[in-house]
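Side chains included, hydrogens not; waters and symmetry mates left out as well; all remaining heavy atoms used. Residues: numbered from 1 along the sequence shown.
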Amino acid sequence: MVMRSSELAQLEASTDKPHITLPLRTQPSRFSLVLSSSSIETRWKTERTISSRSDYKSRHSVYNSLTRPTRKQHPKKKKIKTMASTTVDTHGGAPPASSTPAFIPLEANPELMTTLIHNLGVSPALSIHDVYSLTDPDLLSFIPRPALALLLVFPVSATYESHRLSEDAIQPLYAGSGPNEPVLWFRQTIRNACGLMGLLHATANGPARNFITEGSDLDKLVKEAVDLDPVQRAKLLETSESLARAHREAATRGDTTAPEATDDVDLHYVCFVKTEDGTLWELDGRRKGPLKRGTLESSEDVLSPNALALGPLKFLEREGGDLRFSCVALAGSLD
């Protein structure tokens, strides 16, 4: 059920944080993003052009009427963009059957991802946005707030795998189900579907779930998944024709030539969401279950400094100088 305007205004008010306005630029600018933490300074380069016109116009935000700069359409890129996937990991279970499906890796393209979630049934009030920096307030101000979910694309390196296996070794295998679950978590058994898994986790949890159109394919899938255990949920995704069709249509329309569904791709998506009780969750279908990463104040969203420090910046700290990172956020539409 889509939120009413009064509910949207209430959600906006609950964040209680000032909006940072990006200074007007008369010419497009190119720059390298510098992501800093206590132990690293990682340069994250981007070839995208960000610009704002001097003629501000009033846009209707999903949360309330705000005045934001318009942005030029990003040009098509010939250089390969960040894609993500990983081999299937059943987390201690039996190896996947040969009949387990494989999906074409999903390009980390906001326009493509927005089309995908809208086709599945997410309200046009929400969209996927590029995140150009994890530390620069001016660049973060391009994104409508509050941001409801953050998807990070990262390299599946030996360092990460060592961390994952070490952390998972002390975690119980998640078996939750039912309407009282803190989050709706999906185990990934579909090869190369981590981008889709990230979008499912982003839209099916926290306030974003209220933006799923009743009766849509995604609404039906979420309602059916709630009462299933993780193994049954994985089977539900494997056999969903509407999900496979929507993903295939999106994955084959990217800016770059898509890999084959069976290709090995050493990048992966992880999703961070904030639930109504303030918990910041890391949701990744390759893990043994959902992971609590901390508690946020009512005024903090997934792009707040605290959330970023608890979540995505930890990945950057582990990888040092690796440049293969990308971020997108689920937030209100600018149109």
What ring pair (Phe, Tyr, Trp, His ring centres under 6.0 Å) pairs are there with at least one residue in residues 280-314, not counting sequence neighbours? none

List in chain and number order the residues that pass side-chain hydrogen bond (donor to acceptor under 3.5 Å, both in side chains) with Ser242, two or more places apart in sequence or in another chain; answer none if no residue qualifies. Ser240

Report the residues that fulfil side-chain hydrogen bond (donor to acceptor under 3.5 Å, both in side chains) with Glu181, sequence neighbours left out, ordered by chain and then residue number. Tyr174, Arg233

What residues form a side-chain hydrogen bond (donor to acceptor under 3.5 Å, both in side chains) with Lys223, not counting sequence neighbours? Asp219

Taking salt bridge (Lys or Arg N to Asp or Glu O under 4.0 Å) as the definition, give me every residue that meets it alongside Glu319, ordered by chain and number, with sequence neighbours left out. none

Tell me whether Thr114 contacts the main-chain N or O of Pro110 through its side chain, where contact means a donor paired with an acceptor under 3.5 Å. yes

Does the Glu249 side chain pair with the main chain of Ala246, one donor and one acceptor, at a distance under 3.5 Å? no

Can you classify the ring geometry of Phe272 versus Phe315 as parallel (below 30°), tilted (30 to 60°) or perpendicular (above 60°)? perpendicular

Donor-acceptor under 3.5 Å (His129 side chain, Gly332 main chain): yes

Can you list everything that forms a side-chain hydrogen bond (donor to acceptor under 3.5 Å, both in side chains) with Ser177? Sequence neighbours excluded, please. none

Run the salt-bridge test on Lys274 and Asp301 with the 4.0 Å N-O cut-off and return the result as yes or no. no

Verdict with reasoning, Asn306 to Ser304, per side-chain hydrogen bond (donor to acceptor under 3.5 Å, both in side chains): CA-CA 5 Å; Asn306 188 27; Ser304 66; 5.7 Å; no

Output field: ring centroids Phe154/His268 closer than 6.0 Å: yes

